[in-house]
Amino acid sequence: MHEKIIEIAVRRGFLYPSFEIYGGLSGFYDYGPLGALLKKNIEDLWRNYFCLQEGFLEISSPTISPEEIFIASGHTGNFTDPIVKCTKCGNFFRADHLLQSYDIEAEGLNSDKIDHLIKERNIKCPDCSGSLGKVKTFNLMFKTYISPGKGKVGYLRPETAQSMFILFTRLYNFYRRKLPFGVAQIGRAYRNEISPRQGLIRLREFTQAEVEIFIDPRNNNHTKFQQYAEEKVRLLPRDRDDTIEITARESVDLGIVAHEFLSYYIVHTKNFLLACGIPEEKLRFRQHLLEEMAHYARDCWDAEIYTRQFGWIEVVGIADRTDYDLRAHEKGSGTELKAFREYVKPEIVREIKIEPLMNKLGPAFKSKAGDIAEKIRNLSPEETGDEIKIELEGDVYTISREYFCIKETKKKITGEKFNPHVIEPSFGIDRIFYSILETSYIERDGKNILRISPALAPMKVSIFPLVKKEPLPEIALDISDRIKRKSIFTYYDENDSIGRRYARSDEVGIPYSITIDFDGVESKTVTLRDRDTTEQVRIKTDKVPAFIKKLVDGDLKFRDIKEAH
RNA sequence: GCGAGCAUAGUCUAGGGGUCAGGACAGGGGCUUCCCAAGCCUCUGGCGCGGGUUCGAAUCCCGCUGCUCGCACCA
């Protein structure tokens, strides 16, 4: 089944293993002509759901980033696993985990320290008691050097998300300083997997479609939640062994999903995947176990699709990343990444302050004046009498009342700054691509059919002159041109028998076929065939482009045309 | 990264130390008023890479790479 799908995908131009003529390299795939179109269509559908409908605009950032970003985000730490290999049995172990199993705190230690500890405690292989080799680090990020010579260390991004956090203030201004707002990005990300062996499911270079939605954590309600509140979703909460099917509202009310925002995107994601043609029964949302959750996440639900080959695979992660990332980058960059929350009522803050009078202090204390003033400011008003003593570099200065005053200030505070929290739906486009291929594949009379939805199908309509004799090809090419003027891909084929051509067309998932025959020359009609039923209907040639457009857009069903004729 | 198995056209496969590596399907061209992989003619295309043994290697040996499975890894 899996082999069959991959065979079709490779043979018919959806996928090619990369670098084949140089021997190939696992973890990399080329999308062929039809694959690239299908992928593009998935991305466009995603844009419709997550940009257009949600009002989240898309940005596009570099795939290479300087190392500081990943130091700040925690990726350098989390992507560099210390690994140790047994010299006898050859098994690999996470070196820090090994130490921890001996109750030795190893979190955050570098590999030299861990190596030292292993030698010092004489720790042996837990499997065969053989002696352990040197601790090595394994980094899942691809490293590179920016600029020649010594260059700055950089990494290929392991997720598209970071660039959106970094741009927070720019984007916050773009959205005119209002929360919530969202930003989207479709782009490549890179992870140097140790041994990727699951085709499109685990790639070293892959495409993510991510949205970062910045919200005020005091308001987790979603203004459009109503719209989805009564929709049912299949959930697998972390404390259960089986899925439950409940409405979005129930999931929030029962405290299963943390809040409306997450719940809303679970439903929205479900609807997107259904629009991709994934059958609802092959879809569920699984909550991450506590220990499984990333260091930044508060709650995370994965959309999973059931595949025959790999079982349940994660295709989307919907996480509440809290304010982890914005705070991390604030710290890392020294730049504030905050939003402003206005109070319902402004607060008046009264403050009593000691204010050094510089016009007196200056002439009297000359070069010491600045330091003395600083010390005065740091005193609390209660500590002061008519005079204060200041110690500075061993000398004691007595400052009398004429050099400072005590002032009461009133400040109106209209609100406060805070780090917004981030809700992140993150999609693995390649995995969705695979799922679509797998779930759309069927066999009919020993022939392969890809029942890709009309919206996603790489080619929308085949154009077949029944035989090669004029005027059939001429009419066919003319129809093809008129359809293409509506920005719809057509597939013209005049070779071989008509049955063979239908079979070829079905195998690459073209949902409709137009066949031009001699019967229709006089009456100016052609037949329209539906891939999934093989049914045909004779329609006026003039109407073809408009019908095809409606069929592709989902505004019309083949059945409707059939019934009307 | 470890262990095991595998590697022949686009795909599936036959064979095998020495004149031709054979077939099927797919693909190209041609003929056929041909509606669900029809037929006939014709053409294209292959022993994963590197080294060794040998007079001679696609075949035997070694290494590499890739694929499949198990282990490990999978923020």
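Any value given below was found using the heavy atoms of this structure, including those in side chains, with hydrogens, waters and symmetry copies removed. Per chain, numbering begins at 1; letters A, B, ... match sequence-line order.
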- note: A:N192, atom CG; B:A75, atom P; distance rounded to Å ~ 15 Å

- Query: Quantified in whole Å, what is the C1' atom distance between nucleotide B:U13 and nucleotide B:A58?
  - Reply: 16 Å

- Expressed as a whole number of Å, how far does the P atom of B:C61 sit from that of B:G28? 41 Å

- Item | Contacts of A:E443 that satisfy salt bridge (Lys or Arg N to Asp or Glu O under 4.0 Å) - sequence neighbours left out | A:K4

- Message: Does the Lys NZ or Arg CZ of A:K39 fall within the cation-pi geometry relative to A:Y31 - under 6.0 Å from the ring centre and within 45° of the axis?
- Response: yes

Counting only pairs under 3.5 Å, give me each side-chain donor-acceptor contact of residues 509-516 of chain A, with atom names and distances, residues two or more places apart or in other chains.
residue: A:T515; atom: OG1; partner: A:Y502; partner atom: OH; Å: 2.6

- Note on the structure: Those residues at least two apart in sequence (or on a different chain) that pass ring-ring contact (aromatic ring centres under 6.0 Å, His included) with A:F28 are A:F19

- Message: What is the distance, to the nearest angstrom, from the CG atom on A:L15 to the C1' atom on B:C67?
- Response: 16 Å

- Message: Between B:A38 and B:C25, how many Å separate the two P atoms, rounded to a whole number?
- Response: 11 Å

- Task: Any side chain to side chain donor-acceptor pair (under 3.5 Å) involving residues 305-316 of chain A? Give me the pairs, sequence neighbours left out, ordered by first then second residue.
- Result: none

- Message: Check this for me, if you would: do A:R298 and A:D323 make a salt bridge, where the nitrogen-to-carboxylate-oxygen distance has to be below 4.0 angstrom?
- Response: no

- Not counting sequence neighbours, which residues clear salt bridge (Lys or Arg N to Asp or Glu O under 4.0 Å) with A:K484? List them please. none

- Query: Counting only heavy atoms not in A:E522, do more than 12 sit closer than 6.0 Å to its CD atom?
  - Reply: no

- Query: Using the C1' atom in both, what is the distance from B:C35 to B:G30, to the nearest Å?
  - Reply: 23 Å

- Query: Base, backbone or nothing for each nucleotide of nucleotides 30-42 of chain B, written B, S, -, heavy atoms under 4.0 angstrom, 5' to 3'?
  - Reply: S--BBBBBB----

- Task: Find the runs of at least 3 consecutive base pairs, i with j, i+1 with j-1 and so on, that include RNA chain B, using Watson-Crick or G-U wobble geometry with both distances under 3.5 Å.
- Result: B:1-7 with B:65-71, B:10-13 with B:22-25, B:27-31 with B:39-43, B:48-52 with B:60-64

Set out, line by line, the N/O atom pairs under 3.5 Å between protein and nucleotides 3-13 of chain B.
none

- What's the CD1-C1' distance between A:I6 and B:U68, to the nearest Å? 13 Å

- Message: Using the P atom as the point on both nucleotides, what is the distance between B:G23 and B:U44, in whole Å?
- Response: 13 Å

- Task: Find the distance A:F28:CZ to B:G66:C1' and express it as a whole number of Å.
- Result: 14 Å

- Nucleotide B:A75, atom P - distance to CD of A:Q162 in whole Å: 16 Å

- Note on the structure: So the salt bridge (charged side-chain N to carboxylate O under 4.0 Å, His left out) pairs with at least one residue in residues 501-511 of chain A (sequence neighbours excluded) are A:R11-A:E507, A:R12-A:E507, A:R444-A:D506, A:D493-A:R504, A:D496-A:R504, A:D506-A:R529

- Item | P-based separation of B:C47 from B:U42 [nearest Å] | 25 Å

- Separation of B:A75 atom P from A:F206 atom CZ, nearest Å, is 11 Å

- Task: Please name all residues satisfying salt bridge (Lys or Arg N to Asp or Glu O under 4.0 Å) with A:E494, sequence neighbours left out, ordered by chain then number.
- Result: none

- Could you tell me which residues satisfy salt bridge (Lys or Arg N to Asp or Glu O under 4.0 Å) with A:E474, sequence neighbours excluded, listed by chain and number? none

- With rounding to whole Å, what would you report as the distance between B:U11 and B:U54 at their C1' atoms? 35 Å

- Sequence neighbours left out, what passes ring-ring contact (aromatic ring centres under 6.0 Å, His included) with A:F14? Give chain and number order. none

- Item | C1' gap between B:G56 and B:G18, integer Å | 7 Å

